[in-house]
Every structure is written in structure tokens, then in C-alpha cells.
Amino acid sequence: MRLDKLLSNMGLGTRKEVKQLLKQKVVTVDGVTVKDASMHVDPDNQDVSVYGERVQYTEFIYIMMHKPPGVISATEDVAEKTVIDLLDPFARHFKPFPVGRLDKDTEGLLLITNDGQLAHNLLSPKKHVQKTYYAKIEGVVTEEDVVSFQQGVELDDGYVTKPGKLVILSSGEKSEIELTIQEGKFHQVKRMFESVGKKVTYLKRLSMGSLMLDEQLKLGEYRELTENELETLIHSSKVEQL
């Protein structure tokens, strides 16, 4: 890879700005000062440093965000704040995108990456990747609802959902539940409860596949996935379930 492309890809400036760094003699390759922007380097096997700090090259970025309500799951929007707007310049430099979507008023786990293959695997209907939500419900949630969700319910457009696992945490005029589904239809959780005559008043995604929301993250905060989280997620996303 060209040296200027490597440094630019790692957020150290535009190609023009990188050339200025080279002119300032602050870039070294294997301890030797270099000024040639077109020099080819192997970031995996050579030590590329700027101001004495080694540049750790990475192609992909994997971010777990605790998405806050009021922000949309999109890369850009002329009127609304997006989840990408919440990222720092270094993370945005990778041109990441949200994997799937959470509704504007829904909070919780959102994976943001620039790894298109992983995103495809996680969103593919063939993979049956499970997503678990916590919700507050207006209305009494019953064991009949548990059975209905297990069998699949018919939404307002006639679509019958795949089986969902509904767990009642508390039941009353205002109920609390956890729901695990394998799909991601538009407003699906809300529409599933509407199909049984109830209304979702609060919705939070807790997990997606093997990835669970880090409860230490406050609304709007994010962090990169750990190596273990990433390895487990990649492995599980490759497995097609029956």
C-alpha cells in the first residue's frame, strides 16, 4: 500500500496534509525517515510511525453504540441527527454505517461498522440472527400472547411473522416484557403487540446475535468491540440455522 494512502486511511490527514508530514520529516518506516509519499509499505510487517508513534493499521472498524432516542439509524440526513453524527472524526473517517436500524424513538444496542460482509451476514434472513428487546407495554400481557407470538402473528399488512419468544417480566395495565425475534420488519415489535391489541410505550434492544449491549454505556456512548466479541459475532453470523 502507498504510504500516503496508509496514513490518510488512518485519519492522519488528506493526501496533501500527509505530504506535509513527510516534508517535516516526522514519518519513519522501520526507523528510517522517509519523504516519498508513493513509497509502498506493508503495514502488517513494517513499523510505520509518525512523531515516534506507531501507526496501527486497520481496515475495518466495529463499534457498539447505545443508541439514544431521537436519533435516526442512517449515515446522513439533511434534517435529522444520525447515529454517525455521534461518532468522533476518527471513527467517521472509516465511513461506517449502522447494521440494520432502530426506530427513531427506540434505544439500545446498535452495531456500526464498515465491514459489508459481516453486515450482510447479520441481516440475511437465511442466518436467522436473533435480536432481543426489552419493552414496556400498555395493556395486560398474557400467556395467550406468549403462545400467539410463538406461533407467529399477522401484522397489519397481512404478513405473518416467524415465531418469537415472549417472556413476561411483569403483567398489569402496564406490563414489562422481553421479546426475541429473528426478523427486522419495519416497526416489527410495535406492530406485533398492536396485533394483539396492545401498545409499546418504550423499546430497547438488548442484543443482536451473540452481541449484548454493554450496560456501562450511557445513552449516546459507544466503544469498539473487544476481540472476543468480534470473533464470536463473526463466527455466529456465518452459521445458517434451521
Side-chain angles (χ1 to χ4, degrees), residues 1-68 71-78 80-100 108-122 208 210-235 237:
M1 180 184 295
R2 280 177 57 120
L3 180 58
D4 55 355
K5 182 179 180 182
L6 166 65
L7 297 178
S8 180
N9 283 355
M10 294 314 299
L12 291 166
T14 63
R15 293 283 186 95
K16 184 177 180 181
E17 290 168 338
V18 166
K19 286 179 179 177
Q20 289 300 314
L21 290 175
L22 292 164
K23 284 183 179 180
Q24 295 169 23
K25 300 181 179 181
V26 296
V27 181
T28 61
V29 177
D30 292 333
V32 179
T33 301
V34 294
K35 294 189 292 183
D36 183 3
S38 64
M39 177 183 180
H40 278 71
V41 294
D42 180 352
D44 293 324
N45 296 303
Q46 289 184 285
D47 182 340
V48 179
S49 298
V50 178
Y51 291 111
E53 296 267 342
R54 182 166 185 173
V55 177
Q56 298 291 342
Y57 177 72
T58 181
E59 182 178 3
F60 298 119
I61 191 168
Y62 304 91
I63 292 172
M64 175 195 297
M65 175 180 285
H66 188 170
K67 177 194 170 299
V71 178
I72 64 172
S73 301
T75 54
E76 57 184 357
D77 191 274
V78 295
E80 304 276 4
K81 177 178 283 190
T82 74
V83 292
I84 303 303
D85 293 329
L86 300 180
L87 300 178
D88 60 67
F90 176 74
R92 290 200 303 270
H93 179 79
F94 285 87
K95 294 183 171 53
F97 52 86
V99 178
L109 173 67
L110 186 65
L111 175 64
I112 301 175
T113 184
N114 59 344
D115 186 339
Q117 185 60 58
L118 177 61
H120 171 76
N121 288 344
L122 289 171
M208 181 179 189
S210 64
L211 190 62
M212 301 184 67
L213 177 65
D214 183 346
E215 293 292 352
Q216 297 299 313
L217 291 175
K218 297 177 182 178
L219 287 172
E221 291 186 340
Y222 58 91
R223 64 166 173 79
E224 290 195 47
L225 299 192
T226 65
E227 287 187 18
N228 184 60
E229 286 172 335
L230 180 57
E231 288 175 7
T232 305
L233 187 63
I234 290 175
H235 175 72
S237 71

K.L.:
May I ask you to test the Met208-Val99 pair for a side-chain heavy-atom distance under 4.5 Å?
P.N.:
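Touching, per the 4.5 Å side-chain cut-off.
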K.L.:
If every non-hydrogen atom of Ser8 is compared with every non-hydrogen atom of Val18, which pair is closest and at what distance?
P.N.:
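Heavy-atom minimum between the residues: N-CG2, 4.0 Å.
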K.L.:
Evaluate Val71 against Glu80 for side chain to side chain contact (heavy atoms under 4.5 Å, CB included), listing each step before the verdict.
P.N.:
CA-CA 7 Å; Val71 178; Glu80 304 276 4; over 6 Å; no
K.L.:
Are Asp214 and Tyr222 close enough, and set up right, to give a side chain to side chain donor-acceptor pair (under 3.5 Å), and what steps lead you there?
P.N.:
CA-CA 9 Å; Asp214 183 346; Tyr222 58 91; over 6 Å; no
K.L.:
Could you tell me if the side chain of Asp42 sits less than 4.5 Å from the side chain of Met1, heavy atoms only?
P.N.:
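Heavy-atom side-chain distance check fails, nothing below 4.5 Å.
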K.L.:
Heavy-atom distance under 4.5 Å between the side chains of Lys23 and Lys35, does that happen here?
P.N.:
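SC-SC contact between Lys23 and Lys35 ruled out.
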K.L.:
Could you give the distance from OG1 (Thr14) to NZ (Lys19), rounded to the nearest 0.5 Å?
P.N.:
9.5 Å
K.L.:
Just to verify, which of Leu6, Val34, Asp4 counts as forming a side-chain contact (heavy atoms from CB on, under 4.5 Å) with Met39?
P.N.:
Val34
K.L.:
Distance check, rounded to the nearest 0.5 Å: Thr28 atom OG1 versus Gln46 atom CD?
P.N.:
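The distance works out to 11.0 Å.
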K.L.:
Which pair of heavy atoms, one from Lys218 and one from His66, lies closest together, and at what distance?
P.N.:
O-CB, 3.5 Å
K.L.:
Let me see the working for Asp115 and Thr113 under side chain to side chain donor-acceptor pair (under 3.5 Å), right down to the final yes or no.
P.N.:
CA-CA 5 Å; Asp115 186 339; Thr113 184; 5.2 Å; no
K.L.:
Would you say that Thr82 contacts Pro98 through its side chain, given a criterion of any heavy-atom pair below 4.5 Å between the two side chains?
P.N.:
no
K.L.:
Measuring from Leu111:CG to Leu118:CG, what's the distance to the nearest 0.5 Å?
P.N.:
6.5 Å
K.L.:
Taking C-beta and beyond as the side chain, do Leu7 and Val50 meet within less than 4.5 Å on heavy atoms?
P.N.:
yes
K.L.:
Count the heavy atoms of every other residue, nucleotide or ligand shown that sit under 6.0 Å from CD of Glu215, and state whether that count exceeds 12.
P.N.:
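Buried by this count: over 12 neighbours within 6.0 Å.
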K.L.:
Identify the heavy atoms of Lys67 and Val83 that sit nearest to each other, and give their distance.
P.N.:
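Closest pair (atom of Lys67, atom of Val83, distance): CG-CG1, 4.1 Å.
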K.L.:
For the pair Glu227 and Leu230, evaluate side chain to side chain contact (heavy atoms under 4.5 Å, CB included) and give the outcome as yes or no after the intermediate values.
P.N.:
CA-CA 5 Å; Glu227 287 187 18; Leu230 180 57; 5.8 Å; no
K.L.:
Heavy atoms only: give me the nearest Leu211-Leu109 pair and the separation to one decimal.
P.N.:
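Residues Leu211 and Leu109, closest heavy atoms: O-CD2, 3.3 Å.
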K.L.:
Can you measure from OG1 (Thr33) to NZ (Lys25) and round to the nearest 0.5 angstrom?
P.N.:
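The OG1 atom of Thr33 sits 8.0 Å away from the NZ atom of Lys25.
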K.L.:
First locate atom CG of Leu12, then atom CG of Leu21, and finally report the distance between them rounded to the nearest 0.5 Å.
P.N.:
7.0 Å
K.L.:
As an exercise, state the distance from NE2 of His93 to CD1 of Ile61, rounded to the nearest 0.5 Å.
P.N.:
10.0 Å
K.L.:
Asp47 vs Ser49, test: side chain to side chain donor-acceptor pair (under 3.5 Å). Steps then yes/no.
P.N.:
CA-CA 6 Å; Asp47 182 340; Ser49 298; 2.8 Å; yes
K.L.:
What closest approach, in Å, do Leu22 and Asp36 show between heavy atoms, and which atom pair accounts for it?
P.N.:
CD1-C, 4.3 Å
K.L.:
Would you check, one step at a time, whether the test side chain to side chain contact (heavy atoms under 4.5 Å, CB included) holds for Leu87 with Phe94?
P.N.:
CA-CA 11 Å; Leu87 300 178; Phe94 285 87; over 6 Å; no
K.L.:
Any donor and acceptor pair, going by atom type alone, linking the side chain of Asn114 with main-chain N or O of Glu59 inside 3.5 Å?
P.N.:
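Flag set: sc Asn114 to bb Glu59 pair under 3.5 Å.
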K.L.:
At their closest point, which heavy atom of Ser73 faces which heavy atom of Leu110, and how far apart are they?
P.N.:
OG-CD2, 4.1 Å
K.L.:
Please determine whether a side-chain nitrogen of the Lys or Arg among Glu229 and Arg223 lies less than 4.0 Å from a carboxylate oxygen of the Asp or Glu.
P.N.:
yes
K.L.:
Looking only at side-chain N and O atoms, does Asn228 offer a donor or acceptor that is under 3.5 Å from a partner on Thr226?
P.N.:
no
K.L.:
Is the closest side-chain donor-acceptor distance between Asp44 and Tyr57 under 3.5 Å?
P.N.:
no
K.L.:
Could you walk me through whether Leu225 and Leu233 pass the side chain to side chain contact (heavy atoms under 4.5 Å, CB included) check?
P.N.:
CA-CA 10 Å; Leu225 299 192; Leu233 187 63; 4.1 Å; yes
K.L.:
Heavy atoms, side chains only, cut-off 4.5 Å: are Lys5 and Arg15 in contact?
P.N.:
yes
